[in-house]
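Order of listing sets the numbers, starting from 1, for every ligand and every atom in it. When reading the values below, keep in mind they use all heavy atoms of this one structure, side chains included, and skip hydrogens, waters and symmetry mates.
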Amino acid sequence: MLVLGIETSCDETSAAVFRDKMLVSNIVYSQSVHREYGGVVPELASRAHIRRIIPVVDEAISEAGVSLADIDIIGATVGPGLVGSLLVGLTFAKTLCFALDIPFVGVNHIEAHIFSSLIYEDILTPALALVVSGGHTELHLIPEFGVYHLLGRTRDDAAGECLDKTSKFLGLGYPGGPVIDKIAREGDPNRFSFPRAMLESGDLDFSFSGIKTSVIDFFTSSGEDFVRSNLPDILAGVQEAVVDSLVEKLKQAHKIYPVSDIIVVGGVAANSRLREKLAHFCERRGVKAHIPPVSLCTDNAAMVARLAIFLFERNGSSPLSISAVPGLDIIQKGD
Ligand SMILES: Nc1ncnc2c1ncn2[C@@H]1O[C@H](COP(=O)(O)OP(=O)(O)OP(=O)(O)O)[C@@H](O)[C@H]1O
Ligand SMILES: [Mg+2]
């Protein structure tokens, strides 16, 4: 069975091919047009998807060594995401399915991030999953794949959004996560301390907007020259606050749900300090950590195709009448 996945929920145009359960191509085009604005401009994202969708799908098909006529199923992201961006990939996928007379499978982008952990390995359930991306910070208990129990989520900014806003404020560009990760490697994470919010809140929710505010206050009180000359230590401190908040809530969740497998996915899962601290925590607790390779943490169509295979085997195809749902939530246990 050959499955084509298409992902266009935000600012990556991506297409991937699976042969049965093996990933054979994954092309990701990251739009550079947003860099000068310090964040994604929705209309520019839609237009860039329109320009790139055909070349990206062509490249994924040819790298897989197949032709479009060989594809058996197409999966594409339905939501959550930017409506204009979602519509490009979704309409393209549905049109191809109609023309080729093959099944279409609509997928949830956050569930697809969770499935990025299943591309190269099998994972036992029950498991805990931390989704940390540009728009989401969510902790789920997964009794079995396809069934999710939301344990906690951010009350304000997502972890990636906090790093992106910090980077934008300091004039370091977009996306902020990779830049901060790189510069912070040269810094001392303990020299400056930034807030770790809600650690005593008694629930499993997160909050990251205080970090950004405290960076702004720090900048105002210390002055630009001081910030510029101590950037690695400051960024290491900011990154440490984000990472500690994530790992601490994961520890609290694991105390309540002592599962043997923990999944961490989404763009922020590419962070080297988070990967290091997670590995340490999981080793101490005797838990298996499942974190995808860095290239599969940020948006990609491989995870979309992987989830489409699972959904097709379980539920069959989706109707072609399905439309983009920008605020789509992951299906909860009992929904
Ligand atoms: N090495 C890294 N360290 C920390 N953050 C990173 C790293 N690499 C990428 N990120 C962050 O990951 C985010 C992008 O991840 P992703 O592509 O999964 O998010 P998104 O698709 O925009 O949002 P969502 O999945 O919630 O809709 C950005 O906020 C970016 O700064
Ligand atoms: Mg994403």
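Nearest non-hydrogen protein atom to atom 5 (N) of ligand 1 is Gly177 CA, 3.3 Å. Among protein heavy atoms, the minimum distance from atom 22 (O) of ligand 1 is reached at Cys10 SG, 4.0 Å. Regarding atom 29 (O) of ligand 1, its nearest protein heavy-atom neighbour is Asp164 OD2, 2.7 Å. Scanning the protein for heavy atoms near atom 27 (O) of ligand 1, the closest one is His109 CD2, 3.6 Å. Atom 3 (N) of ligand 1 has Asn271 ND2, 3.1 Å as its closest protein atom, hydrogens excluded (heavy atom only). At the top of the distance list for atom 1 (N) of ligand 1, counting protein heavy atoms only, stands Asp181 OD2, 2.9 Å.
For Asp299, the N, O or S atom closest to the Mg ion (ligand 2) goes by the atom name OD1.
Below 3.5 Å of separation, one finds an N or O of Ser133 facing an N or O of ligand 1. For Ser9, no nitrogen or oxygen atom sits less than 3.5 Å from a nitrogen or oxygen atom of ligand 1, counting backbone and side chain alike. When only interatomic distances are considered, the shortest N/O to N/O separation between Ser272 and ligand 1 does not fall below 3.5 Å. At least one N/O-N/O distance between His136 and ligand 1 falls below 3.5 Å. Residue Gly134 has at least one nitrogen or oxygen atom sitting less than 3.5 Å from a nitrogen or oxygen atom of ligand 1, judged on distance alone.
For a distance bound of 2.8 Å, the N, O or S atoms of Cys10 include none lying that close to the Mg ion (ligand 2). When distances to the Mg ion (ligand 2) are checked against a cut-off of 2.8 Å, His136 contributes no N, O or S atom below that limit.
Atoms of ligand 1 found under 4.0 Å from any heavy atom of Leu163 (numbered from 1 in listed order, with element): 4 (C), 5 (N). For ligand 1 and Ala270, the ligand atoms under 4.0 Å from any heavy atom of the residue are 1 (N), 8 (N). Numbered from 1 in the order shown, with element, the atoms of ligand 1 that lie under 4.0 Å from a heavy atom of His113 read 18 (O), 25 (O). Heavy-atom contacts of Asp299 reach the following atoms of ligand 1: 16 (P), 17 (O), 18 (O), 20 (P), 21 (O) (cutoff under 4.0 Å). Residue-ligand proximity, Gly160 to ligand 1, at heavy-atom distances under 4.0 Å covers atoms 29 (O). Using a 4.0 Å cut-off to heavy atoms of Gly135, the atoms of ligand 1 that qualify are 23 (O), 24 (P), 26 (O).
Here the shortest heavy-atom distance to atom 18 (O) of ligand 1, taken over Ala269, Pro80, Pro175, Gly267, belongs to Gly267.
Side chain of Arg285 to main chain of Glu283: no donor-acceptor pair is present (N/O by atom type, distance under 3.5 Å, no hydrogens or angles).
In this structure, Phe145 has its ring center at least 6.0 angstrom away from the ring center of Phe310.
Within the structure, the closest approach of Pro178 to ligand 1 falls below 4.0 Å when heavy atoms are considered.
Partner Thr13 forms a side chain to side chain contact (heavy atoms under 4.5 Å, CB included) with one of Val56, Val57, Ile50, Ile54 and no other, that one being Val56.
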